[in-house]
Amino acid sequence: MKPGRRAIACLAAGALLGISADLARVGLPGRLGTAIWLGLFIGTLILLGARSADTEISLPLAAAFVGLGALLWRDAPALHALNLLMIAACVVAGSPLARQLGLAARGVTAWALAAIETGLNAAFGALASVIEGDWKSLPIGGGAREVGAAAAGLLLVSPVLLVFGALFASADPLFADVMRRTVSVDPEVVMPHIVVTALAGWASAGVLRALLGPPRLPADLAIRGGGSLRYVTVGTALGGVTALFLFFVLLQARYLFGGARLVGSATTLSYAEYARQGFFELLGVTALTLPLLLVADWALDQRSPRDRARFRGLSLLLLGLLGAIVLSALSRMALYAGMYGLTEDRVYATAFMLLLAAVFAWFAASVLRGKRDAFVRGSLVAAGITLLALNALDPDALIARVNLSRTVAAVPTDVAYLGRLSADAVPEILEGMHRLPGPARCDLMRTLDERWRAAGRDEWNVGQLKARAALERQAPGVRSECEREGPEPETS
(Lines give C-alpha, C1' and ligand atoms only; values in the text may rest on other atoms or scores of the structure.)
Protein backbone atom coordinates (compact mmCIF):
# COMPACT_ATOMS: atom_id res chain seq x y z
CA MET A 1 0.00 0.00 0.00
CA LYS A 2 1.37 3.40 -0.97
CA PRO A 3 2.22 5.76 1.92
CA GLY A 4 -0.45 8.32 0.95
CA ARG A 5 -3.20 5.71 0.77
CA ARG A 6 -1.96 4.08 3.98
CA ALA A 7 -2.29 7.43 5.76
CA ILE A 8 -5.92 7.79 4.60
CA ALA A 9 -6.66 4.20 5.63
CA CYS A 10 -5.25 4.83 9.11
CA LEU A 11 -7.38 7.96 9.50
CA ALA A 12 -10.54 6.17 8.35
CA ALA A 13 -9.85 3.20 10.62
CA GLY A 14 -9.10 5.56 13.50
CA ALA A 15 -12.43 7.34 13.01
CA LEU A 16 -14.33 4.04 13.05
CA LEU A 17 -12.40 2.85 16.10
CA GLY A 18 -13.15 6.12 17.88
CA ILE A 19 -16.88 5.71 17.26
CA SER A 20 -16.78 2.06 18.32
CA ALA A 21 -14.91 3.01 21.52
CA ASP A 22 -17.73 5.34 22.55
CA LEU A 23 -20.39 2.78 21.61
CA ALA A 24 -18.60 0.11 23.64
CA ARG A 25 -18.33 2.52 26.58
CA VAL A 26 -22.03 3.29 26.78
CA GLY A 27 -23.52 0.04 25.48
CA LEU A 28 -21.46 -2.73 27.07
CA PRO A 29 -20.19 -3.61 30.57
CA GLY A 30 -16.68 -2.28 31.20
CA ARG A 31 -14.45 -5.33 30.73
CA LEU A 32 -16.54 -6.73 27.88
CA GLY A 33 -16.54 -3.40 26.06
CA THR A 34 -12.77 -3.05 26.49
CA ALA A 35 -12.12 -6.58 25.21
CA ILE A 36 -14.40 -6.16 22.17
CA TRP A 37 -12.84 -2.81 21.26
CA LEU A 38 -9.31 -4.17 21.57
CA GLY A 39 -10.36 -7.13 19.41
CA LEU A 40 -11.59 -4.66 16.77
CA PHE A 41 -8.29 -2.78 16.94
CA ILE A 42 -6.23 -5.96 16.52
CA GLY A 43 -8.51 -7.13 13.71
CA THR A 44 -8.08 -3.76 11.96
CA LEU A 45 -4.31 -4.04 12.31
CA ILE A 46 -4.37 -7.53 10.78
CA LEU A 47 -6.69 -6.44 7.97
CA LEU A 48 -4.69 -3.36 6.99
CA GLY A 49 -1.43 -5.26 7.42
CA ALA A 50 -2.69 -7.99 5.09
CA ARG A 51 -3.32 -5.35 2.44
CA SER A 52 0.37 -4.47 2.48
CA ALA A 53 3.30 -6.63 1.46
CA ASP A 54 3.34 -8.42 4.80
CA THR A 55 0.42 -10.87 5.05
CA GLU A 56 1.64 -12.99 7.94
CA ILE A 57 -0.48 -13.09 11.10
CA SER A 58 2.23 -13.43 13.70
CA LEU A 59 2.28 -15.42 16.93
CA PRO A 60 2.30 -12.27 19.15
CA LEU A 61 -1.01 -11.11 17.64
CA ALA A 62 -2.49 -14.54 18.32
CA ALA A 63 -1.20 -14.21 21.90
CA ALA A 64 -2.94 -10.82 22.11
CA PHE A 65 -6.28 -12.58 21.55
CA VAL A 66 -5.40 -14.93 24.44
CA GLY A 67 -4.88 -11.78 26.51
CA LEU A 68 -8.37 -10.61 25.56
CA GLY A 69 -9.72 -13.83 27.03
CA ALA A 70 -7.74 -13.18 30.22
CA LEU A 71 -9.43 -9.76 30.52
CA LEU A 72 -12.78 -11.52 30.77
CA TRP A 73 -11.52 -14.30 33.02
CA ARG A 74 -10.31 -12.68 36.23
CA ASP A 75 -11.80 -9.76 38.13
CA ALA A 76 -8.69 -8.62 40.07
CA PRO A 77 -7.79 -5.01 39.06
CA ALA A 78 -4.05 -5.69 39.21
CA LEU A 79 -4.38 -8.65 36.84
CA HIS A 80 -6.59 -6.53 34.58
CA ALA A 81 -3.86 -3.88 34.29
CA LEU A 82 -1.14 -6.49 33.69
CA ASN A 83 -3.23 -8.23 31.03
CA LEU A 84 -3.76 -4.91 29.23
CA LEU A 85 0.02 -4.35 29.32
CA MET A 86 0.61 -7.82 27.87
CA ILE A 87 -1.88 -7.17 25.05
CA ALA A 88 -0.15 -3.88 24.20
CA ALA A 89 3.27 -5.59 24.12
CA CYS A 90 1.92 -8.38 21.89
CA VAL A 91 0.38 -5.87 19.47
CA VAL A 92 3.64 -3.95 19.14
CA ALA A 93 5.71 -7.14 18.82
CA GLY A 94 3.36 -8.63 16.23
CA SER A 95 2.82 -5.55 14.09
CA PRO A 96 3.96 -5.44 10.46
CA LEU A 97 6.50 -2.76 11.41
CA ALA A 98 8.04 -5.01 14.08
CA ARG A 99 8.36 -7.83 11.58
CA GLN A 100 9.82 -5.57 8.91
CA LEU A 101 12.40 -4.34 11.41
CA GLY A 102 13.05 -7.82 12.72
CA LEU A 103 12.41 -6.61 16.28
CA ALA A 104 12.17 -10.22 17.44
CA ALA A 105 15.91 -10.47 16.78
CA ARG A 106 16.92 -6.96 17.85
CA GLY A 107 18.33 -5.71 21.09
CA VAL A 108 17.21 -3.37 23.84
CA THR A 109 18.04 -0.19 21.91
CA ALA A 110 15.81 -1.03 18.94
CA TRP A 111 12.91 -2.01 21.19
CA ALA A 112 13.21 1.18 23.22
CA LEU A 113 13.26 3.37 20.10
CA ALA A 114 10.30 1.50 18.60
CA ALA A 115 8.31 2.03 21.82
CA ILE A 116 9.15 5.74 21.86
CA GLU A 117 8.14 6.09 18.21
CA THR A 118 4.83 4.34 18.85
CA GLY A 119 4.09 6.67 21.75
CA LEU A 120 4.88 9.77 19.71
CA ASN A 121 2.62 8.53 16.92
CA ALA A 122 -0.21 8.00 19.38
CA ALA A 123 0.06 11.70 20.23
CA PHE A 124 0.85 13.24 16.82
CA GLY A 125 0.53 10.48 14.21
CA ALA A 126 -3.03 11.38 13.17
CA LEU A 127 -1.96 14.92 12.25
CA ALA A 128 0.97 13.51 10.28
CA SER A 129 -1.44 11.20 8.42
CA VAL A 130 -3.61 14.20 7.47
CA ILE A 131 -0.52 15.85 5.97
CA GLU A 132 0.77 12.68 4.29
CA GLY A 133 -2.59 11.54 2.88
CA ASP A 134 -2.87 11.23 -0.89
CA TRP A 135 -6.28 12.89 -0.99
CA LYS A 136 -6.22 13.39 -4.76
CA SER A 137 -6.18 9.64 -5.29
CA LEU A 138 -9.61 9.15 -3.72
CA PRO A 139 -12.14 7.98 -6.36
CA ILE A 140 -14.55 10.88 -5.89
CA GLY A 141 -15.59 13.81 -8.04
CA GLY A 142 -14.21 17.28 -7.76
CA GLY A 143 -17.22 18.67 -5.89
CA ALA A 144 -17.22 15.83 -3.38
CA ARG A 145 -13.49 16.26 -2.92
CA GLU A 146 -14.00 19.93 -2.08
CA VAL A 147 -16.71 19.02 0.41
CA GLY A 148 -14.39 16.45 1.98
CA ALA A 149 -11.59 19.00 2.22
CA ALA A 150 -13.94 21.48 3.85
CA ALA A 151 -15.15 18.82 6.29
CA ALA A 152 -11.54 18.00 7.18
CA GLY A 153 -10.88 21.68 7.86
CA LEU A 154 -13.99 21.98 10.00
CA LEU A 155 -12.99 18.87 11.93
CA LEU A 156 -9.55 20.27 12.59
CA VAL A 157 -10.88 23.63 13.81
CA SER A 158 -13.77 22.15 15.84
CA PRO A 159 -11.82 22.09 19.15
CA VAL A 160 -11.01 25.79 18.68
CA LEU A 161 -14.66 26.57 17.91
CA LEU A 162 -15.78 24.76 21.05
CA VAL A 163 -13.31 26.69 23.22
CA PHE A 164 -14.22 30.07 21.71
CA GLY A 165 -17.95 29.29 21.93
CA ALA A 166 -17.65 28.38 25.60
CA LEU A 167 -15.73 31.60 26.33
CA PHE A 168 -18.30 33.74 24.47
CA ALA A 169 -21.14 32.01 26.31
CA SER A 170 -19.48 32.77 29.63
CA ALA A 171 -18.85 36.39 28.61
CA ASP A 172 -22.36 37.22 27.32
CA PRO A 173 -25.60 35.74 28.72
CA LEU A 174 -27.48 36.78 25.57
CA PHE A 175 -25.06 34.82 23.36
CA ALA A 176 -25.33 31.87 25.70
CA ASP A 177 -29.15 31.97 25.55
CA VAL A 178 -29.19 32.16 21.74
CA MET A 179 -26.74 29.28 21.42
CA ARG A 180 -28.71 27.23 23.93
CA ARG A 181 -31.92 27.68 21.92
CA THR A 182 -30.19 27.21 18.56
CA VAL A 183 -28.17 24.15 19.53
CA SER A 184 -30.61 22.25 21.70
CA VAL A 185 -28.19 19.71 23.12
CA ASP A 186 -27.07 19.11 26.65
CA PRO A 187 -23.29 19.66 26.82
CA GLU A 188 -23.01 17.36 29.83
CA VAL A 189 -24.47 14.54 27.72
CA VAL A 190 -22.74 15.29 24.41
CA MET A 191 -19.24 16.23 25.56
CA PRO A 192 -18.28 12.78 26.96
CA HIS A 193 -19.21 11.20 23.60
CA ILE A 194 -17.17 13.78 21.69
CA VAL A 195 -14.15 13.49 23.97
CA VAL A 196 -14.06 9.67 23.99
CA THR A 197 -14.60 9.42 20.22
CA ALA A 198 -12.01 12.08 19.44
CA LEU A 199 -9.30 10.81 21.79
CA ALA A 200 -9.77 7.13 20.92
CA GLY A 201 -9.93 7.86 17.19
CA TRP A 202 -6.93 10.19 17.27
CA ALA A 203 -4.74 7.77 19.23
CA SER A 204 -5.88 4.76 17.18
CA ALA A 205 -5.05 6.46 13.88
CA GLY A 206 -1.63 7.44 15.20
CA VAL A 207 -0.77 4.00 16.57
CA LEU A 208 -1.93 2.33 13.35
CA ARG A 209 0.34 4.71 11.42
CA ALA A 210 3.28 3.64 13.60
CA LEU A 211 2.57 -0.09 13.36
CA LEU A 212 1.71 -0.18 9.64
CA GLY A 213 4.21 2.33 8.32
CA PRO A 214 7.56 1.58 6.71
CA PRO A 215 10.61 1.09 8.96
CA ARG A 216 11.89 4.43 10.20
CA LEU A 217 14.64 3.10 12.45
CA PRO A 218 18.08 2.98 10.85
CA ALA A 219 18.75 -0.41 9.29
CA ASP A 220 22.28 -0.51 10.72
CA LEU A 221 21.20 0.39 14.25
CA ALA A 222 23.79 -0.98 16.65
CA ILE A 223 22.17 -3.62 18.80
CA ARG A 224 25.30 -5.06 20.36
CA GLY A 225 27.66 -3.53 22.83
CA GLY A 226 29.52 -0.85 20.94
CA GLY A 227 31.09 1.11 23.78
CA SER A 228 34.65 2.33 24.08
CA LEU A 229 35.25 2.09 27.83
CA ARG A 230 38.21 -0.01 28.94
CA TYR A 231 37.68 -2.97 31.23
CA VAL A 232 39.58 -1.18 34.01
CA THR A 233 36.84 1.48 34.12
CA VAL A 234 33.87 -0.87 33.77
CA GLY A 235 35.40 -3.54 36.00
CA THR A 236 36.19 -1.09 38.78
CA ALA A 237 32.64 0.25 38.79
CA LEU A 238 31.11 -3.22 38.68
CA GLY A 239 33.63 -4.49 41.24
CA GLY A 240 32.52 -1.85 43.75
CA VAL A 241 28.92 -3.00 43.40
CA THR A 242 29.99 -6.64 43.72
CA ALA A 243 31.94 -5.92 46.92
CA LEU A 244 28.91 -4.21 48.46
CA PHE A 245 26.70 -7.16 47.48
CA LEU A 246 29.19 -9.61 49.01
CA PHE A 247 29.26 -7.74 52.32
CA PHE A 248 25.45 -7.69 52.44
CA VAL A 249 25.16 -11.41 51.63
CA LEU A 250 27.64 -12.35 54.37
CA LEU A 251 25.70 -10.27 56.86
CA GLN A 252 22.42 -11.77 55.70
CA ALA A 253 23.73 -15.31 56.20
CA ARG A 254 24.46 -14.46 59.83
CA TYR A 255 20.94 -13.19 60.50
CA LEU A 256 19.19 -15.88 58.48
CA PHE A 257 20.90 -18.61 60.48
CA GLY A 258 20.85 -16.64 63.75
CA GLY A 259 17.08 -16.21 63.68
CA ALA A 260 14.86 -13.96 65.75
CA ARG A 261 17.19 -13.78 68.78
CA LEU A 262 20.09 -12.36 66.78
CA VAL A 263 17.87 -9.86 64.94
CA GLY A 264 16.34 -8.67 68.23
CA SER A 265 19.76 -8.12 69.80
CA ALA A 266 21.08 -6.18 66.79
CA THR A 267 18.00 -4.05 65.96
CA THR A 268 14.95 -2.58 67.62
CA LEU A 269 12.69 -4.53 65.22
CA SER A 270 10.86 -7.77 65.74
CA TYR A 271 11.79 -10.58 63.37
CA ALA A 272 8.53 -10.11 61.43
CA GLU A 273 9.09 -6.34 61.13
CA TYR A 274 12.65 -7.04 60.01
CA ALA A 275 11.35 -9.35 57.29
CA ARG A 276 8.65 -6.95 56.12
CA GLN A 277 10.96 -3.94 56.01
CA GLY A 278 13.58 -5.76 53.97
CA PHE A 279 11.69 -7.47 51.17
CA PHE A 280 10.65 -4.50 49.06
CA GLU A 281 14.04 -2.82 49.44
CA LEU A 282 15.73 -6.00 48.20
CA LEU A 283 13.22 -6.14 45.35
CA GLY A 284 14.33 -2.63 44.37
CA VAL A 285 17.99 -3.63 44.49
CA THR A 286 17.28 -6.62 42.27
CA ALA A 287 15.35 -4.56 39.73
CA LEU A 288 18.05 -1.85 39.56
CA THR A 289 20.82 -4.37 38.98
CA LEU A 290 19.45 -5.35 35.55
CA PRO A 291 19.88 -1.94 33.84
CA LEU A 292 23.28 -1.63 35.52
CA LEU A 293 24.51 -4.86 33.93
CA LEU A 294 22.98 -4.00 30.55
CA VAL A 295 24.65 -0.58 30.51
CA ALA A 296 27.98 -2.08 31.60
CA ASP A 297 27.83 -4.68 28.81
CA TRP A 298 26.88 -1.99 26.27
CA ALA A 299 29.60 0.45 27.37
CA LEU A 300 32.49 -2.04 27.46
CA ASP A 301 34.93 -2.15 24.57
CA GLN A 302 34.57 -5.84 23.78
CA ARG A 303 37.16 -6.17 21.04
CA SER A 304 39.55 -7.90 23.43
CA PRO A 305 38.64 -11.55 24.17
CA ARG A 306 40.48 -11.25 27.49
CA ASP A 307 38.40 -8.25 28.56
CA ARG A 308 35.19 -10.01 27.55
CA ALA A 309 36.13 -13.07 29.61
CA ARG A 310 37.00 -10.95 32.66
CA PHE A 311 33.75 -9.01 32.37
CA ARG A 312 31.80 -12.27 32.04
CA GLY A 313 33.41 -13.68 35.17
CA LEU A 314 32.75 -10.56 37.23
CA SER A 315 29.15 -10.40 36.00
CA LEU A 316 28.57 -14.06 36.89
CA LEU A 317 29.95 -13.40 40.39
CA LEU A 318 27.57 -10.46 40.78
CA LEU A 319 24.66 -12.59 39.51
CA GLY A 320 25.53 -15.31 41.99
CA LEU A 321 25.47 -12.80 44.86
CA LEU A 322 22.23 -11.44 43.47
CA GLY A 323 20.79 -14.95 43.56
CA ALA A 324 21.62 -15.10 47.28
CA ILE A 325 19.90 -11.73 47.76
CA VAL A 326 16.82 -13.03 45.93
CA LEU A 327 16.74 -16.06 48.24
CA SER A 328 17.09 -13.76 51.25
CA ALA A 329 14.19 -11.61 50.02
CA LEU A 330 11.99 -14.63 49.35
CA SER A 331 12.78 -16.09 52.78
CA ARG A 332 11.80 -12.77 54.37
CA MET A 333 8.51 -12.80 52.46
CA ALA A 334 7.82 -16.43 53.43
CA LEU A 335 8.46 -15.56 57.08
CA TYR A 336 6.23 -12.50 57.04
CA ALA A 337 3.43 -14.20 55.09
CA GLY A 338 3.61 -17.14 57.49
CA MET A 339 2.98 -14.83 60.43
CA TYR A 340 0.50 -12.36 58.91
CA GLY A 341 -0.94 -14.07 55.83
CA LEU A 342 -1.00 -13.00 52.19
CA THR A 343 -1.92 -9.71 50.54
CA GLU A 344 -2.02 -8.62 46.93
CA ASP A 345 1.20 -6.64 47.34
CA ARG A 346 3.00 -9.67 48.73
CA VAL A 347 1.78 -12.04 46.02
CA TYR A 348 2.55 -9.74 43.06
CA ALA A 349 5.88 -8.61 44.49
CA THR A 350 6.94 -12.24 44.96
CA ALA A 351 5.90 -13.05 41.38
CA PHE A 352 7.92 -10.06 40.14
CA MET A 353 10.94 -11.19 42.14
CA LEU A 354 10.72 -14.68 40.59
CA LEU A 355 10.38 -13.10 37.13
CA LEU A 356 13.52 -11.03 37.75
CA ALA A 357 15.36 -14.18 38.77
CA ALA A 358 14.38 -15.82 35.47
CA VAL A 359 15.38 -12.70 33.52
CA PHE A 360 18.81 -12.65 35.18
CA ALA A 361 19.30 -16.31 34.34
CA TRP A 362 18.43 -15.48 30.72
CA PHE A 363 20.84 -12.51 30.85
CA ALA A 364 23.63 -14.90 31.73
CA ALA A 365 22.61 -17.30 28.97
CA SER A 366 22.24 -14.62 26.27
CA VAL A 367 24.06 -11.33 26.86
CA LEU A 368 27.09 -12.81 28.61
CA ARG A 369 27.47 -15.29 25.75
CA GLY A 370 27.50 -12.54 23.14
CA LYS A 371 23.80 -12.92 22.17
CA ARG A 372 22.53 -9.57 23.39
CA ASP A 373 19.95 -9.42 20.60
CA ALA A 374 18.11 -12.43 22.08
CA PHE A 375 17.74 -10.91 25.54
CA VAL A 376 14.55 -8.89 25.01
CA ARG A 377 12.77 -11.73 23.22
CA GLY A 378 13.46 -14.20 26.01
CA SER A 379 12.57 -11.68 28.71
CA LEU A 380 9.20 -10.95 27.07
CA VAL A 381 8.48 -14.68 26.87
CA ALA A 382 9.33 -15.03 30.57
CA ALA A 383 7.03 -12.11 31.42
CA GLY A 384 4.21 -13.65 29.39
CA ILE A 385 4.60 -17.02 31.10
CA THR A 386 4.62 -15.33 34.52
CA LEU A 387 1.43 -13.43 33.73
CA LEU A 388 -0.31 -16.55 32.45
CA ALA A 389 0.75 -18.35 35.63
CA LEU A 390 -0.73 -15.53 37.72
CA ASN A 391 -4.01 -15.74 35.83
CA ALA A 392 -4.11 -19.50 36.38
CA LEU A 393 -3.11 -19.15 40.06
CA ASP A 394 -5.92 -16.63 40.74
CA PRO A 395 -4.12 -14.47 43.35
CA ASP A 396 -7.21 -13.13 45.16
CA ALA A 397 -8.68 -16.60 45.58
CA LEU A 398 -5.29 -17.83 46.84
CA ILE A 399 -5.14 -14.98 49.37
CA ALA A 400 -8.61 -15.77 50.69
CA ARG A 401 -7.92 -19.50 50.89
CA VAL A 402 -4.58 -19.12 52.70
CA ASN A 403 -5.72 -16.43 55.12
CA LEU A 404 -8.90 -18.24 56.10
CA SER A 405 -7.02 -21.52 56.60
CA ARG A 406 -4.83 -19.75 59.18
CA THR A 407 -7.80 -18.53 61.26
CA VAL A 408 -7.08 -19.46 64.85
CA ALA A 409 -7.42 -17.50 68.06
CA ALA A 410 -3.76 -16.44 68.07
CA VAL A 411 -3.79 -15.33 64.41
CA PRO A 412 -6.99 -13.34 63.71
CA THR A 413 -7.96 -12.90 60.06
CA ASP A 414 -8.24 -9.39 58.62
CA VAL A 415 -11.91 -9.67 57.68
CA ALA A 416 -12.07 -6.12 56.34
CA TYR A 417 -9.26 -6.89 53.89
CA LEU A 418 -11.01 -10.04 52.69
CA GLY A 419 -14.12 -7.96 51.98
CA ARG A 420 -12.06 -5.61 49.77
CA LEU A 421 -10.75 -8.39 47.52
CA SER A 422 -12.11 -8.78 44.01
CA ALA A 423 -14.93 -11.08 42.94
CA ASP A 424 -12.35 -13.82 42.24
CA ALA A 425 -12.06 -14.36 46.01
CA VAL A 426 -15.78 -14.67 46.77
CA PRO A 427 -16.17 -18.45 46.21
CA GLU A 428 -13.14 -19.17 48.41
CA ILE A 429 -14.38 -16.78 51.10
CA LEU A 430 -17.80 -18.46 51.18
CA GLU A 431 -16.12 -21.87 51.31
CA GLY A 432 -13.93 -21.00 54.29
CA MET A 433 -15.88 -18.36 56.22
CA HIS A 434 -17.25 -21.00 58.62
CA ARG A 435 -13.84 -20.79 60.33
CA LEU A 436 -14.57 -17.19 61.38
CA PRO A 437 -16.29 -16.29 64.65
CA GLY A 438 -19.97 -15.39 64.34
CA PRO A 439 -19.80 -11.55 64.38
CA ALA A 440 -16.90 -11.45 61.93
CA ARG A 441 -18.63 -13.95 59.65
CA CYS A 442 -21.83 -11.88 59.59
CA ASP A 443 -19.95 -8.62 58.95
CA LEU A 444 -18.11 -10.24 56.05
CA MET A 445 -21.36 -11.67 54.66
CA ARG A 446 -22.96 -8.22 54.68
CA THR A 447 -19.95 -6.78 52.90
CA LEU A 448 -20.09 -9.44 50.18
CA ASP A 449 -23.81 -8.88 49.67
CA GLU A 450 -23.37 -5.12 49.35
CA ARG A 451 -20.55 -5.46 46.83
CA TRP A 452 -21.60 -8.35 44.61
CA ARG A 453 -25.18 -9.49 45.16
CA ALA A 454 -26.77 -6.48 43.47
CA ALA A 455 -23.79 -5.25 41.48
CA GLY A 456 -24.57 -3.32 38.32
CA ARG A 457 -23.18 -3.68 34.81
CA ASP A 458 -20.05 -1.64 35.46
CA GLU A 459 -17.88 -4.68 34.81
CA TRP A 460 -18.42 -8.10 33.25
CA ASN A 461 -16.12 -11.10 33.63
CA VAL A 462 -16.18 -14.75 34.61
CA GLY A 463 -14.96 -13.90 38.12
CA GLN A 464 -18.04 -11.82 38.85
CA LEU A 465 -20.40 -14.39 37.35
CA LYS A 466 -18.89 -17.11 39.56
CA ALA A 467 -19.07 -14.81 42.60
CA ARG A 468 -22.79 -14.17 42.12
CA ALA A 469 -23.46 -17.86 41.47
CA ALA A 470 -21.60 -18.76 44.68
CA LEU A 471 -23.62 -16.18 46.63
CA GLU A 472 -26.88 -17.62 45.32
CA ARG A 473 -25.79 -21.15 46.18
CA GLN A 474 -23.93 -20.84 49.50
CA ALA A 475 -24.91 -17.55 51.13
CA PRO A 476 -28.57 -18.19 52.19
CA GLY A 477 -27.53 -20.45 55.05
CA VAL A 478 -25.04 -17.91 56.39
CA ARG A 479 -27.61 -15.11 56.14
CA SER A 480 -30.14 -17.20 58.06
CA GLU A 481 -27.65 -17.87 60.85
CA CYS A 482 -26.81 -14.18 61.08
CA GLU A 483 -30.51 -13.24 61.27
CA ARG A 484 -31.08 -15.75 64.08
CA GLU A 485 -28.08 -14.54 66.03
CA GLY A 486 -29.08 -10.90 65.59
CA PRO A 487 -26.85 -7.95 66.41
CA GLU A 488 -24.53 -8.10 69.38
CA PRO A 489 -25.93 -6.45 72.50
CA GLU A 490 -24.49 -3.02 73.19
CA THR A 491 -22.29 -2.69 76.27
CA SER A 492 -22.61 0.37 78.45
Side-chain angles (χ1 to χ4, degrees), residues 1-21 24 34-68 71 83-134 198-219 221 223 376-377 380-381 383-384:
M1 187 183 298
K2 294 182 179 180
R5 288 181 174 270
R6 184 189 302 115
I8 296 175
C10 290
L11 288 172
L16 293 176
L17 288 169
I19 295 171
S20 64
T34 300
I36 290 177
W37 186 84
L38 286 173
L40 290 174
F41 181 89
I42 298 171
T44 302
L45 178 63
I46 294 172
L47 177 64
L48 294 181
R51 294 180 64 84
S52 65
D54 187 357
T55 59
E56 175 192 2
I57 298 178
S58 65
L59 182 61
L61 289 181
F65 281 105
V66 175
L68 295 181
L71 286 182
N83 286 327
L84 285 175
L85 185 62
M86 181 187 76
I87 293 169
C90 289
V91 168
V92 173
S95 67
L97 176 63
R99 281 172 272 156
Q100 292 169 22
L101 286 171
L103 279 183
R106 304 290 286 273
V108 178
T109 306
W111 278 89
L113 291 178
I116 292 172
E117 183 184 24
T118 303
L120 290 174
N121 271 279
F124 308 109
L127 180 60
S129 293
V130 172
I131 298 172
E132 295 170 353
D134 185 10
L199 290 180
W202 183 274
S204 298
V207 172
L208 287 172
R209 175 182 181 271
L211 300 180
L212 293 169
R216 285 173 287 273
L217 297 178
L221 179 67
I223 59 176
V376 175
R377 182 172 68 251
L380 288 175
V381 170

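- Counting only heavy atoms from C-beta outward, the side chains of V207 and L45 never approach each other to under 4.5 Å.
- Here the closest non-hydrogen pair linking F41 and V91 is CE2-CG1, 4.0 Å.
- Each of T44, N121, L208, L211 was scored for a side-chain contact (heavy atoms from CB on, under 4.5 Å) with C10, with one residue passing: L208.
- A 4.5 Å side-chain heavy-atom check between I87 and L71 finds at least one atom pair inside the cut-off.
- The shortest non-hydrogen separation linking L17 to W37 is O-NE1, 2.8 Å.
- Here the shortest heavy-atom pairing between A63 and C90 reads CB-SG, 3.8 Å.
- Between W202 and F124, the shortest heavy-atom contact is NE1-N, 4.3 Å.
- Once rounded to the nearest 0.5 Å, the distance linking OG of S204 with CG of L11 reads 11.5 Å.
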